[in-house]
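Step one of this worksheet: look at the structure below.
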Amino acid sequence: MKKLLLGNAALARGLYEAGCALASSYPGTPSTEVTEEAVKFNEIYCEWAPNEKVALETAFGACLAGKRAFCAMKHVGLNVAADPLFTISYTGVNAGLIINVADDPGMHSSQNEQDSRHYAQAAKIPMLEPSDSQEALDFAKTAYDISEKFDTPVLIKMCTRISHSQSVVELGERVEPPVSSYEKNAAKYVMTPANAKRQHPFVEERTLKLSELAETSPLNKVEMGGTKIGIICDSTCYQYAKEVFGSEASILKLGMVWPFPPKLIKDFASKVERLIVLEELDPFIEDYVRSLGIKVEGKSLFPITDEFSQNLVAERFGKAAPAACKKIEGLPVRPPVMCAGCPHRGLFYTLSRLKCNVLGDIGCYTLGAAAPLSALDTCVCMGASISSIHGFNKATGGESAGKTVAVIGDSTFMHSGMTGLANIAYNMSDSTVIILDNSITGMTGHQQNPTTGYNIKGDPAGKINLEALVRSMGIERVRVVDPYNLKETEAAVKEELAAKAPSVIISRRPCALLKYVKHNPPLQANDQKCVGCKACMKIGCPAISMKGGKAFVDQTQCVGCGVCKQLCAKNAFEAAQ
């Protein structure tokens with residue numbers, strides 16, 4: 001049977017067909033849907049882990065027990081999982097282990113453009129890279145075979161365009177692989193220095209064997225066309241090359257991007273007059289080809305930043321873009337913005353009004369950096385806000401403590417915030433941390449987390465009490481506020497900033513988009529009372545605009561949160577008629 005599937009859904013289908021037994025992940029765009037699709041198969045136990053490191057270690061435990069396992073993350077999540085990744089490369093596996101990493105060229109939803117191919121080389125494990133949904137499915141099966149044959153974890157690298165585009169796939173049946181029984185083997189799995197020393201040569205020998213595999217594997221394929229131009233490419237760049245050139249150029253498509261097949265590359269290069277590497281981000285392939293002594297072009301033609309397109313490829317070769325790929329000019333800019341009724345808006349308005357230094361974190365609330373709130377000063381990585389405020393306040397001798405806060409979401413706090421808060425409690429800095437508890441993991445599409453009380457399937461699960469948790473970590477000053485109540489929120493922030501002790505404020509209000517949240521009736525602005533002072537515009541609510549010099553409320557967006565009402569000195573906002 002054939003079906004149109006997203007790349008992420010196709011990868012999940014491949015896991016199912018290959019007999020995967022466990023998937024543990026942390027949601028991160030563009031990889032999130034792989035695990036959300038995998039959970040639809042009852043044969044695969046799926047879970048959201050608190051972070052990527054825990055997810056990989058959980059998947060490793062499952063493969064150690066003899067069952068095929070999987071974990072997924074975005075590129076910055078692989079940084080978090082790098083610690084176990086490098087050592088699992090040494091231990092090898094007892095059953096197949098796949099690590100899916102999704103890069104984000106163009107930074108559609110990320111804070112950097114990291115190229116994860118470097119991790120495969122550095123950790124010395126194979127990396128496969130599909131270029132469409134069918135390959136995403138097929139490569140999952142191949143990856144498990146490689147993992148078990150060569151005793152190695154395998155990275156499957158996706159990117160935004162492959163993860164979130166659809167193409168036709170042919171579905172197969174699930175095949176249950178035999179369970180590999182666990183046997184104690186300290187020399188293989190206990191990575192003390194003496195054992196690790198003995199394992200390192202195994203890793204190097206494995207890389208040589210994998211390179212030999214790459215020479216003949218159908219993962220890497222040559223498509224000969226015209227010989228004036230030869231293109232070596234991977235991932236989406238293969239699609240762009242095919243759409244722009246068709247059979248006019250010859251193509252070496254690398255489905256295994258590490259380790260490389262040197263003989264195959266040399267043979268291909270010898271058959272074309274001009275050799276070009278087409279790859280997004282770093283010159284990973286290009287540098288290797290050049291190291292073989294082959295004359296090659298790449299980044300001299302194409303940028304090292306941003307994602308590519310058919311238009312870009314055609315333009316750099318002086319060709320006309322495919323008719324179906326022409327740009328539409330003059331489209332209005334649509335910047336991201338916090339939703340109408342977002343509980344974070346009231347808090348950020350308060351922090352902006354108090355002129356606080358606000359050290360931010362990763363989540364929906366990062367949008368608080370945008371005008372008119374302009375409330376965030378930093379955004380680095382998961383949990384950095386809490387560690388940073390401690391260093392910030394210690395460095396200033398406490399002078400900044402009375403006007404500086406850290407903000408972090410509930411899911412992000414569980415991911416990487418607890419250790420930073422432990423540092424604040426242990427080293428006693430007068431730092432105020434605000435946990436933005438919107439009862440869900442919002443940025444990646446409403447996934448559950450350890451504070452919500454539900455698991456990935458929506459079934460009841462263990463629930464961590466944030467107040468009890470932070471108190472148990474040594475924080476004595478803990479309070480909860482409703483960010484819709486501006487007076488309460490402002491009073492709490494002022495009091496905790498003035499306190500000479502570590503403190504935590506939990507700003508608690510469910511995400512306005514959650515289905516179970518019952519909203520108040522929408523508001524309207526009374527033209528007779530509104531004087532056009534624009535005080536309501538300071539919160540940046542997308543439901544409020546100015547028309548004819550008066551405030552206007554889009555009632556299709558308004559959820560009746562009442563934050564604007566508290567700003568209006570003329571009481572112009574009232575329930576819609």
Side-chain angles (χ1 to χ4, degrees), residues 24 26 28 48-58 73 76-77 79-84 347 356-363 365-366 376-439 441 449-453 462-481 492-493 495-508:
S24 181
Y26 182 82
W48 291 127
N51 65 31
E52 296 85 358
K53 177 178 184 291
V54 173
L56 177 51
E57 292 162 347
T58 299
M73 60 204 68
V76 288
N79 299 333
V80 180
D83 196 359
L347 174 75
C356 291
N357 302 318
V358 183
L359 305 188
D361 228 290
I362 307 295
Y365 47 91
T366 311
L376 243 64
D377 294 273
T378 64
C379 170
V380 179
C381 65
M382 302 284 273
S385 61
I386 300 181
S387 305
S388 297
I389 193 176
H390 172 69
F392 193 86
N393 288 338
K394 283 293 185 182
T396 59
E399 292 177 13
S400 59
K403 59 180 181 180
T404 305
V405 301
V407 295
I408 188 169
D410 50 338
S411 178
T412 309
F413 180 74
M414 298 308 303
H415 180 288
S416 294
M418 289 185 286
T419 47
L421 190 63
N423 195 36
I424 285 175
Y426 175 57
N427 288 302
M428 301 177 66
S429 63
D430 298 339
S431 297
T432 299
V433 174
I434 304 176
I435 301 175
L436 308 174
D437 183 5
N438 64 352
S439 306
T441 307
N449 68 65
T451 72
T452 66
K463 181 176 182 178
I464 291 177
N465 182 302
L466 283 173
E467 297 96 304
L469 174 61
V470 297
R471 284 194 177 100
S472 72
M473 295 177 71
I475 306 297
E476 296 180 2
R477 297 185 63 91
V478 182
R479 63 196 299 173
V480 179
V481 299
V493 172
E495 287 175 27
E496 298 312 319
L497 285 175
K500 299 298 181 183
S503 63
V504 169
I505 299 171
I506 300 173
S507 176
R508 178 167 289 148

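Bear in mind the structure is a predicted one, so any value in this text is a computation, not a measurement.
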Which of Asn79, Ile362, Ile408, Asn51 passes side chain to side chain contact (heavy atoms under 4.5 Å, CB included) with Met382? Answer is Ile362

Does any part of the side chain of Tyr365, heavy atoms only, come nearer than 4.5 Å to the side chain of Asn438, both counted from C-beta? no

If we count only N and O atoms by modelled type, under 3.5 Å, do the side chains of Ser503 and Thr432 hold a donor and an acceptor together? yes

Does the pair Asn465 and Leu469 meet the rule for a side chain to side chain contact (heavy atoms under 4.5 Å, CB included), with working shown? CA-CA 6 Å; Asn465 182 302; Leu469 174 61; over 6 Å; no

By side-chain hydrogen bond (donor to acceptor under 3.5 Å, both in side chains), which residues pair with Arg477, not counting sequence neighbours? Glu496

Would you give the length of the straight line joining atom CG of Asn449 to atom NE2 of His415, rounded to the nearest 0.5 angstrom? 11.5 Å

Which heavy-atom pair separates Ala406 from Ser385 by the least distance, and what is that distance? CB-O, 3.5 Å

CG/Leu436 to CZ/Arg508 distance, rounded to the nearest 0.5 angstrom? 11.5 Å

Specify the closest pair of heavy atoms between Pro502 and Ile475, including all atoms of both residues, with the distance to one decimal. CB-CD1, 3.8 Å

Measure across Ile386 and Gly420 and return the closest heavy-atom pair with its distance rounded to 0.1 Å. CG2-C, 3.4 Å

Here the pair of heavy atoms bringing Ala81 nearest to Leu56 is O-CD2, 3.6 Å

Rounded to the nearest 0.5 Å, how far apart are CG of Asp430 and NZ of Lys394? 7.5 Å

Do Asp361 and Thr412 pair up side chain to side chain, a donor and an acceptor below 3.5 Å, judged on atom types alone? no

With heavy-atom distances below 4.5 Å as the criterion, would you say the side chains of Val54 and Thr58 are in contact? yes

Output for pair (Leu347 CG, Ile434 CD1), nearest 0.5 Å, gives 5.0 Å

For a 4.5 angstrom cut-off between non-hydrogen side-chain atoms, does Leu376 reach Val407? yes

Look only at the side chain of Thr404 and the backbone of Ala401, and say whether a donor-acceptor pair between them is shorter than 3.5 Å. no

Tell me, please, which residues at least two apart from Ser411 pass side-chain hydrogen bond (donor to acceptor under 3.5 Å, both in side chains). Tyr26, Thr441

Measuring only between side-chain heavy atoms, which start at C-beta, is Val470 closer than 4.5 Å to Ile435? yes

Looking at every heavy atom in both Leu359 and Ser388, which two are closest together, and how far apart are they? CD1-C, 3.6 Å

dist Phe392:CZ -> Thr378:OG1 (nearest 0.5 Å) comes out at 9.0 Å

Tell me if a side-chain donor or acceptor on Ser387 pairs with a main-chain N or O of Ala384 at a distance below 3.5 Å. no

Would you please say whether a donor-acceptor pair under 3.5 Å links the side chains of His390 and Ser429? yes

Is there a donor-acceptor pair closer than 3.5 Å between any side-chain N or O of Asp437 and the backbone N or O of Ser507? no

Minimum heavy-atom separation for Pro50 to Met414, with atom names? CB-O, 4.0 Å

Look up atom CG in Leu466 and atom CE in Met418, then write down how far apart they are to the nearest 0.5 Å. 9.5 Å

